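Here the structure is laid out as structure tokens; the discussion comes afterwards.
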Amino acid sequence: MSSGDETRKLQHQKMSSDLDTLQLPISGHREKLINAVKKYPILIVTGETGSGKTTQLPQYLHQAGFAKHGIIGVTQPRRVAAITVAQRVSEEMNCQLGRGVGYQVRFDDCTSEDTVIKYMTDGCLMREILADSKLSRYSVVILDEAHERSLNTDILFGLLKQFFHRKCHGKRKATLKVVVMSATLEEKKLSEFFDSCPVYVIPGRTYPVSTVFCNLIGPEDKESSAYVKDVVKVVIDLHTNEPAGDILVFLTGQIEIEKACDLLYQKAEAIDYNYDMQDRSLEGLLILPLYGSMPTEQQRKIFQPAPPGLRKCVVATNIAATSLTVNGIRYVVDSGFVKQLSYNSRVSMHILEVVPISKSEALQRAGRAGRTSSGKCFCIYSKEFWKKCMPEFTVPEIRRTSLTSVILTLKCLEIHDVIRFPYVDKPEERFILEALKQLYQCDAIDRRGQVTTLGKLMIEFPLPPSLTRALIKAASFGHESILLPLAAMLSVENVFIRPGHPDKQQAAILKHQELATKVGSSNDFATLLHIFEECKASVSPSSWCRDYFIHWRALKSAFSVETQLQDILTRLKNNKDFPVEQFSGSRSELLRRCLCSGYFMNVARRSAGKVFCTMDGHGSVVHIHPSSTLFEQEFQLDWIIFHEVIVTSKVYVRIVCPIRYEWVKDLLPKLHEIDVYDLSNVARHEMAEEEVVKLEIPERKDSADSQEGAWGKLQKRNDDRSIMDARERYLQRRGIRKKGSETANQEP
DNA sequence: GAGCACTGC
């Protein structure tokens, strides 16, 4: 059951009596469930939405005496879910939240010595395991929402499986109980993973949802960009022909959603007008966009019921599939696409792209229509598209993401054989090797794969290794105050607001430029630091944000992150192993030199025109993103470092600053010392004796090296089509490139 | 001359 479901249930049940709790589908299974947990060390419990497993099972186990020799811990993939469920259960158990029933999420620990049932995020349990690998406080660990396959839950699966397989845990093995709770579909795979452990099925209570294939998208339209129009058409048809009931539309991003809402708004008015002329009554459409970067108060609007005579139509991203639940939805319109981040380990690049959803995800989306009554799901795609283009299951996060932090965590838990670690879905070996390489490069592990003193310091920070390395460098100089706010700013959502209206858009751009100018318009990192400091120092930080088109919500969380990082650092600085160095130079140089020590794998040098070439051994061609303050200043630049790469119409680097070659000269050879494939021995916990290869700085190309040529070379050099393919698909989607055209190597 | 889905420590 997802967090939203819990919220819904919360609202729903508050009005009803305890009788309703007794009538939950799970209540008839109380004794059998208790006996199953007693009998088996690991048990899988599946149940559809509304079965009550999240709120009731921990209480049953508590009543059966499982909390006598330890606490009952329940993990959730999201913060809100952990908090709202804990609230609900504390009410049901008639105790004060934080006493008998508590929760722990980042920045908010609401537990006490009396806590016997503890809800928490899976990330929190991971942190706890780092301090106590035997989880000695717990009698039962329940991993909820297992079907979502979040990165942390997947790692917890492997750790718990290993826990029961290892000989060293002795008595502890007999006392710890593990329950994995999941929606149906994935339970077979999970059961096999846990040595064919039993699966307990609780029937759900949902209503039937019929599916209509509208056949507007077929297998040949995998890269179609026209589906916003199709979605709008389906919504209008539905609105005119189907009886009352609210609509939920799934699209992929902010821009699409705004476009769809505009079209709907025009057309809905047209319908009203036409029907008025014919003197027929038709309820209007209340159109509500919904996406993550929207202000929270605006998001709340979707929870209000539509005024009488109006039909609510929520046009949302995937946020409506897991994080937020809209009540009373009777119709779902599914575009069949989702925006997904994937990682290309060969060139160390993240690609954010629109891809067809999986069949299981499509069923989840459709299910949103059957919560309060029977419903209908209109898929804009055809049955053929379903069969040919949609995979059975979504690729789990662990196979789509950079694994540096995960691998360092495993190493810190003394799991050195990171390749043969029991993964439910094993990541490709090169993902693991790339992670090891990066950890070696930032001195978190040594050549034998052992965690270094620095690595042990780094694991304490909830940051990517590169950023942690920069932070520790600054702290070793005694100047952490320059890196702490920056690390915080880089950990939160994008702080710059991009308004929808063209007028406001221009005003926002000017205000953002003003902020960049104050630090000399030459360093995006310094701009972020400046924003943090200015905002914090202002009389009213929230109105400061409004004036400068900055997300106040993002800044608020940056302030919390900075405090947390400061606390961790203060604790670690007492450690005798904490490095101490001297630095004399300007603030600007200090900042950039610290960044270099963490981001030297993200160094690029201008090769020709506005084209840069990365120095990480891949030699990828990159451009400065237009959102950077250094955009169109390329000719004045030579060496740069960047925070991240994004592949859209070109391979762009975002958040950039110029550096001097001398600052990275001694660091760059490290990038070429170890070949990824030599690391497989290290991964398997054997010694590796690689030959050290000296770095060769590529000669700067003359201006004759056109962009066209550079693209061609990138393609050959990397021998990797996926980045180019992603770019092609992007261009096709935006209608810049026609399907099947042979112009991949040409730059406009 | 773009345009970032979502979540977590």
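None of these values were measured; they are calculated from a predicted model. Numbers restart at 1 for each chain; the letters A, B, ... are given by sequence-line order, proteins then strands.
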query: Hey, are A:Asp108 and A:Arg79 close enough for a salt bridge, meaning a charged N less than 4.0 Å from a carboxylate O?
result: no
task: Would you mind telling me which residue lines up with the more 5' stretch of DNA chain B, A:Arg400 or A:Gly123, judged by nearest nucleotide?
output: A:Arg400
Phosphate OP1/OP2 of B:dC9 contacted by A:Arg79 side-chain N/O (<4.0 Å): yes
- prompt: Partners of A:Ala474 by side chain to side chain contact (heavy atoms under 4.5 Å, CB included), sequence neighbours excluded?
  reply: A:Ile482, A:Leu483, A:Cys594
- prompt: For A:Glu632 and B:dA2, what is the distance between atoms CD and C1' respectively, to the nearest whole Å?
  reply: 11 Å
- prompt: Closer than 4.0 Å, any side-chain N/O of A:Ser405 to the OP1 or OP2 of B:dC9?
  reply: no
- request: Give the rounded distance in Å between these two atoms: CD of A:Glu634 and P of B:dG1.
  value: 10 Å
- prompt: Rounded to the nearest Å, what distance is computed from the CD1 atom of residue A:Ile407 to the C1' atom of nucleotide B:dC9?
  reply: 17 Å
query: Does the gap between the ring centers of A:Phe496 and A:Phe549 come in under 6.0 Å?
result: no
message: Regarding A:Thr325 and A:Arg368, do their side chains bring together a donor and an acceptor under 3.5 Å, going by distance alone?
response: yes
message: Just the rounded figure in Å: distance from C1' of B:dA5 to CD of A:Glu361.
response: 11 Å
- prompt: Within the structure shown, what part of the strands sits under 4.0 Å from A:Glu644 by heavy-atom distance: base, sugar-phosphate, or nothing?
  reply: base
field: Whole-Å gap separating P (B:dA2) and CG (A:Asp524)
entry: 17 Å
- request: Please determine, for the side chain of A:Ile509, which listed nucleotide (B:dA2, B:dC6, B:dG3) has the closest atom?
  value: B:dA2
- prompt: Between B:dA2, B:dC9, B:dC6, which nucleotide has the shortest distance from any of its atoms to the side chain of A:Ser323?
  reply: B:dC6
Phosphate OP1/OP2 of B:dC9: any A:Ser491 side-chain N/O under 4.0 Å: no
- prompt: Counting only side-chain N and O atoms of A:Tyr652, is one of them less than 4.0 Å from OP1 or OP2 of B:dA2?
  reply: yes
message: Quick check for you: among B:dG3, B:dA2, B:dT7, whose closest atom lies nearest to any side-chain atom of A:Pro626?
response: B:dA2
- prompt: If you check every side-chain atom of A:Gln254, which of B:dG3, B:dC9, B:dA5 has the closest atom?
  reply: B:dA5
message: Nearest whole Å is fine: how far is B:dC6 C1' from A:Arg365 CZ?
response: 12 Å
- request: Pick base, sugar-phosphate or nothing for A:Leu341, based on heavy-atom distances below 4.0 Å to the nucleic acid.
  value: base
task: Would you classify A:Tyr291 as touching base, sugar-phosphate or nothing, given that sugar-phosphate means primed atoms plus P, OP1 and OP2, and contacts are heavy atoms under 4.0 Å?
output: sugar-phosphate
message: I want to check one thing: is the phosphate of B:dC6, taken as OP1 and OP2, less than 4.0 Å away from some side-chain N or O of A:Thr317?
response: yes
message: Please classify the nucleic acid contact of A:Glu493 as base, sugar-phosphate, or nothing, using heavy-atom distances under 4.0 Å.
response: nothing
query: Can you tell me if NZ on A:Lys573 sees more than 12 non-hydrogen neighbours from other groups inside 6.0 Å?
result: yes
field: Nucleotide B:dC6, atom C1' - distance to NZ of A:Lys339 in whole Å
entry: 12 Å
Candidate nucleotides B:dG1, B:dT7, B:dC9, ranked by approach to the side chain of A:Arg127 - the nearest: B:dC9
- request: Let me know the distance between NE2 of A:His623 and P of B:dG3, rounded to the nearest Å.
  value: 13 Å
- request: Check every strand shown and say whether A:Thr121 touches a base, only sugar-phosphate, or nothing at a heavy-atom separation below 4.0 Å.
  value: sugar-phosphate
message: Restricting to side chain to side chain contact (heavy atoms under 4.5 Å, CB included), what partner residues turn up for A:Pro485, sequence neighbours left out?
response: A:Leu529, A:Phe532, A:Glu562
message: Counting only side-chain heavy atoms from C-beta out, which of B:dC9, B:dG3, B:dC6 sits nearest to A:Ile319?
response: B:dC6
